[in-house]
Colleague: 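One structure, pasted below without further comment.
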Amino acid sequence: MKSISELEYDLQAPTLFLNPHPLLHRMRRDAPVHFSRQLDSWVLTRYDDVTAELRDPRLSVVEETKRIEELPEHERGNLDPLRKIFMDWGGRADVDDHSSFLKLLRRHFTPQRVLNYQPQIERILNDLLDSAMRRGSLDMANDVAHPMAMSVVCTLAGIPNREMDMLLRNSNYISGLLEMGEPEQLYRCQQGMLELYDYLGPVIAEHRTHPQDDLISALLSPQAEGLHYTDREVISQCIMFLVVGYHTTANLLCNGLQMLFEHPDQLETLIVGEFEYLSNAFNEMMRIQGPVASVRRLALEDFELRGQHIREGDTLVMALTAANRDPQVFADPDRFDIARPNAQRQLGFTVGPYSCMGQSLARLEGQVFYRTLFSRLPDIRPRDPVPDWTVFRPLGRELRTLRVLFN
Ligand code: HEM
């Protein structure tokens, strides 16, 4: 039996993903720190609470492994490889390891180095557009955005992208862990991790003998902040990049395009203004329909929040998508306005010590994608009357396909 408050805030309603905002507005107003039994988590919906708690040292970022630890012993054993790879990601399980990892990344990921990727991104995108257009049909999600975002991460890391279908499939399996992690998702995720692990082993070995100017070589270098990563750890970091750098970016590119299709006045402003608003438009896309609708944290101790009793071991869902529409911060928050003066306050990359390390690259991909697309195909328009959304639990959604027409 669901309690009254569960029914009032039904976060598992089958069509919620199509528009969770009326519900999230109510929660933000009436129950900004709400314990959802459906999600077995606290759900935070106010901008100020979410920004404060993303910086709160009483919360740990390593939450996903909780779902493995809660399983019966034999299942836990079966999923041990998954847990190990996941703990290695960015040294997240240890504050010092994580800050050394960040230092190393910041040294490698300078703004100039990111900008240098522009010609490669343009080439990748144009090649994908050319081959889809030769076939005469164009699905912007599967023909362009997904392989483009994956190819860019591979270029950055130094991973060959010959087996694109395998990389996409496994990376998507692993993203399942970032949902709420049902047991079958955990097994698929582990299967994905293990297949990528086998693929990456020889790639790392090759980089050990022939260092290159890429992320794998930076992770292997002896000056790597004294980290001395083993091959296993470097493989785990690569898997992390193949997941966090790809799935998010591909979905943002599609979500943003869909929003422009749905708001022709905004598209016109973008094009007539010769893309002057593009970087602000990117922030507004992230605000209104960012690909990461929520992130989770694990309480390391008991504490009070807005009169609620958070206990050690509790999960907190930071509903970024709700915070991004908090009327205390964003006027007329449900309106998509590419000229919105404070769109850059959006939280789609989060803030605090674990915020996205790749946002300048994601922004560059967005610049290249929309400019190239509307310059090459000025009459591009959606082919299907209803967008092909699918749910990404608990509060997100993504486009399975985005078929377009063009002349
Ligand atoms: C629109 C595209 C993107 C979005 C929306 C996005 C969003 C995010 C979010 C929400 C997090 C987690 C933050 C947290 O838990 O507080 C994250 C982490 C991360 N992202 Fe991104 N990301 C994007 C693109 C990229 C790209 C292109 C890369 C690099 C190739 C990247 C690299 C990372 C890394 C390394 C982390 C982990 C940071 C850490 O553990 O300190 N991201 N991203």
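Model, not experiment: these values are computed from the prediction. Just so you know, ligand 1 is whichever comes first in the structure, and atom 1 is the first atom listed for that ligand.
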Colleague: Once you restrict to heavy atoms under 4.0 Å, what part of V152 touches ligand 1? Side chain, backbone, both or neither.
Modeller: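 It is neither part, as no heavy atom is under 4.0 Å.
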
Colleague: Where is the nearest protein heavy atom to atom 23 (C) of ligand 1: which residue, which atom, and how far?
Modeller: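 That would be T248 OG1, 3.3 Å.
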
Colleague: Quick test: of every protein heavy atom, which one is nearest to atom 6 (C) of ligand 1, and how far off is it to 0.1 Å?
Modeller: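 Going atom by atom, the protein heavy atom closest to atom 6 (C) of ligand 1 ends up being F349 CD2, 3.6 Å.
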
Colleague: State the CG-CD distance between D314 and Q308, to the nearest 0.5 angstrom.
Modeller: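 The CG atom of D314 sits 11.0 Å away from the CD atom of Q308.
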
Colleague: Does a donor on one side chain sit under 3.5 Å from an acceptor on the other, for H263 and D337?
Modeller: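 The answer is no; no qualifying pair exists.
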
Colleague: Show the atoms of ligand 1 that are less than 4.0 angstrom away from any heavy atom in M240.
Modeller: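 Matching atoms, with element in brackets: 35 (C).
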
Colleague: Could you find the nearest protein heavy atom to atom 36 (C) of ligand 1 and give me its residue, atom name and distance?
Modeller: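 Its nearest protein heavy-atom neighbour is M357 N, 4.1 Å.
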
Colleague: Which of the atoms of ligand 1 are close to L252, meaning less than 4.0 Å from one of its heavy atoms?
Modeller: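 Answer for ligand 1: 1 (C).
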
Colleague: If I apply the N/O under 3.5 Å rule, does E365 come out as touching ligand 1?
Modeller: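 E365 vs ligand 1: no N/O contact under 3.5 Å.
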
Colleague: Do the side chains of L402 and D388 get nearer than 4.5 Å, heavy atoms only?
Modeller: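 Contact flag for D388/L402 side chains = no.
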
Colleague: Would you say C356 contacts ligand 1, with heavy atoms under 4.0 Å as the rule?
Modeller: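 Under 4.0 Å: yes for C356.
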
Colleague: Contact between F109 and L215 at the side-chain level, heavy atoms closer than 4.5 Å - yes or no?
Modeller: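 Sidechains of L215 and F109: no contact.
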
Colleague: What protein heavy atom lies closest to atom 26 (C) of ligand 1? Include the residue and the distance to one decimal.
Modeller: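 Looking only at protein heavy atoms, the one closest to atom 26 (C) of ligand 1 is G245 CA, 3.5 Å.
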
Colleague: For P291, take its heavy atoms, then give the atoms of ligand 1 lying under 4.0 Å from any of them.
Modeller: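 Listed by number with element: 5 (C).
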
Colleague: Among all protein non-hydrogen atoms, which one is nearest to atom 12 (C) of ligand 1, and what is the separation to 0.1 Å?
Modeller: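 Closest protein heavy atom to atom 12 (C) of ligand 1: Y354 O, 3.9 Å.
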
Colleague: Would H98 count as a contact residue for ligand 1, given that I'm defining contact as a non-hydrogen atom of the residue lying under 4.0 Å from a ligand atom?
Modeller: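 Under 4.0 Å: yes for H98.
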
Colleague: Just checking, any donor-acceptor pair under 3.5 angstrom between side chains of E262 and Q258?
Modeller: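 The criterion, which ignores hydrogens and geometry beyond distance, is satisfied for Q258 and E262.
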
Colleague: Pick one of side chain, backbone, both or neither for how V244 approaches ligand 1, counting any non-hydrogen atom pair under 4.0 Å.
Modeller: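 The answer is both, backbone and side chain.
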
Colleague: Quick test of your reading of the model: are R135 and D143 salt-bridged, counting only N-O distances below 4.0 Å?
Modeller: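 Salt bridge between R135 and D143, a charged N being under 4.0 Å from a carboxylate O: yes.
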
Colleague: I'd like to know if the side chain of S236 reaches the main chain of V234, judged simply by a donor and an acceptor atom lying under 3.5 Å from each other, with no hydrogens or angles considered.
Modeller: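 No; zero donor-acceptor contacts below 3.5 Å.
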
Colleague: Pick whichever of G358, G91, C154 has a heavy atom sitting closest to atom 31 (C) of ligand 1.
Modeller: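 Shortest heavy-atom distance from atom 31 (C) of ligand 1: G358.
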
Colleague: Please name the pair of heavy atoms, one in M133 and one in L377, separated by the smallest distance, quoted to 0.1 Å.
Modeller: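 Here M133 and L377 meet closest at CE-CD2, 3.5 Å.
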
Colleague: Can S355 be said to touch ligand 1, with heavy atoms closer than 4.0 Å?
Modeller: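 S355: in contact with ligand 1 (<4.0 Å).
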
Colleague: List every atom of ligand 1 that sits less than 4.0 Å from any heavy atom of A362, numbering the atoms from 1 in the order shown and giving each element.
Modeller: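 Counting from 1, the qualifying ligand atoms are 1 (C), 2 (C), 24 (C).
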
Colleague: In this structure, is the centre-to-centre distance between the rings of F392 and H247 below 6.0 Å?
Modeller: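 Aromatic pair counts; centres sit under 6.0 Å.
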
Colleague: With a cut-off of 4.0 Å, which atoms of ligand 1 are near a heavy atom of L102?
Modeller: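 Those of ligand 1 that fall under 4.0 Å from L102 are 41 (O).
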
Colleague: Which ligand 1 atoms, with their elements, are less than 4.0 angstrom from a heavy-atom of T350?
Modeller: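 In order of numbering, the contacting atoms are 10 (C), 13 (C), 14 (C), 16 (O).
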
Colleague: So which heavy atom in the protein is nearest atom 30 (C) of ligand 1, and how far is it from that ligand atom?
Modeller: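 Sorting protein heavy atoms by distance from atom 30 (C) of ligand 1 puts L156 CD2, 3.5 Å first.
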
Colleague: Would Q112 and N116 count as having a side-chain donor-acceptor pair, cut-off 3.5 Å?
Modeller: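 Yes.
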
Colleague: For ligand 1, note which part of T249 has a heavy atom under 4.0 Å away: side chain, backbone, both or neither.
Modeller: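 Both of them.
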
Colleague: With distance as the sole criterion, is a donor-acceptor pair present between the side chains of Q38 and D10 under 3.5 Å?
Modeller: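 On atom types as modelled, these side chains qualify, holding a pair under 3.5 Å.
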
Colleague: Is there a donor-acceptor contact under 3.5 Å from the side chain of Q328 to the main chain of Y47?
Modeller: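 Such a contact is absent between Q328 side chain and Y47 backbone.
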
Colleague: For G348, counting its heavy atoms only, list the atoms of ligand 1 lying under 4.0 Å from any of them.
Modeller: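 Close to G348: 5 (C), 7 (C), 10 (C).
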
Colleague: Measure the CG-CD1 distance between L361 and I121 for me, rounded to the nearest 0.5 Å.
Modeller: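 The CD1 atom of I121 is 5.5 Å from CG of L361, to the nearest 0.5 Å.
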
Colleague: So for R297, does at least one of its heavy atoms come nearer than 4.0 angstrom to any atom of ligand 1?
Modeller: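 Heavy atoms of R297 do come under 4.0 Å of ligand 1.
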
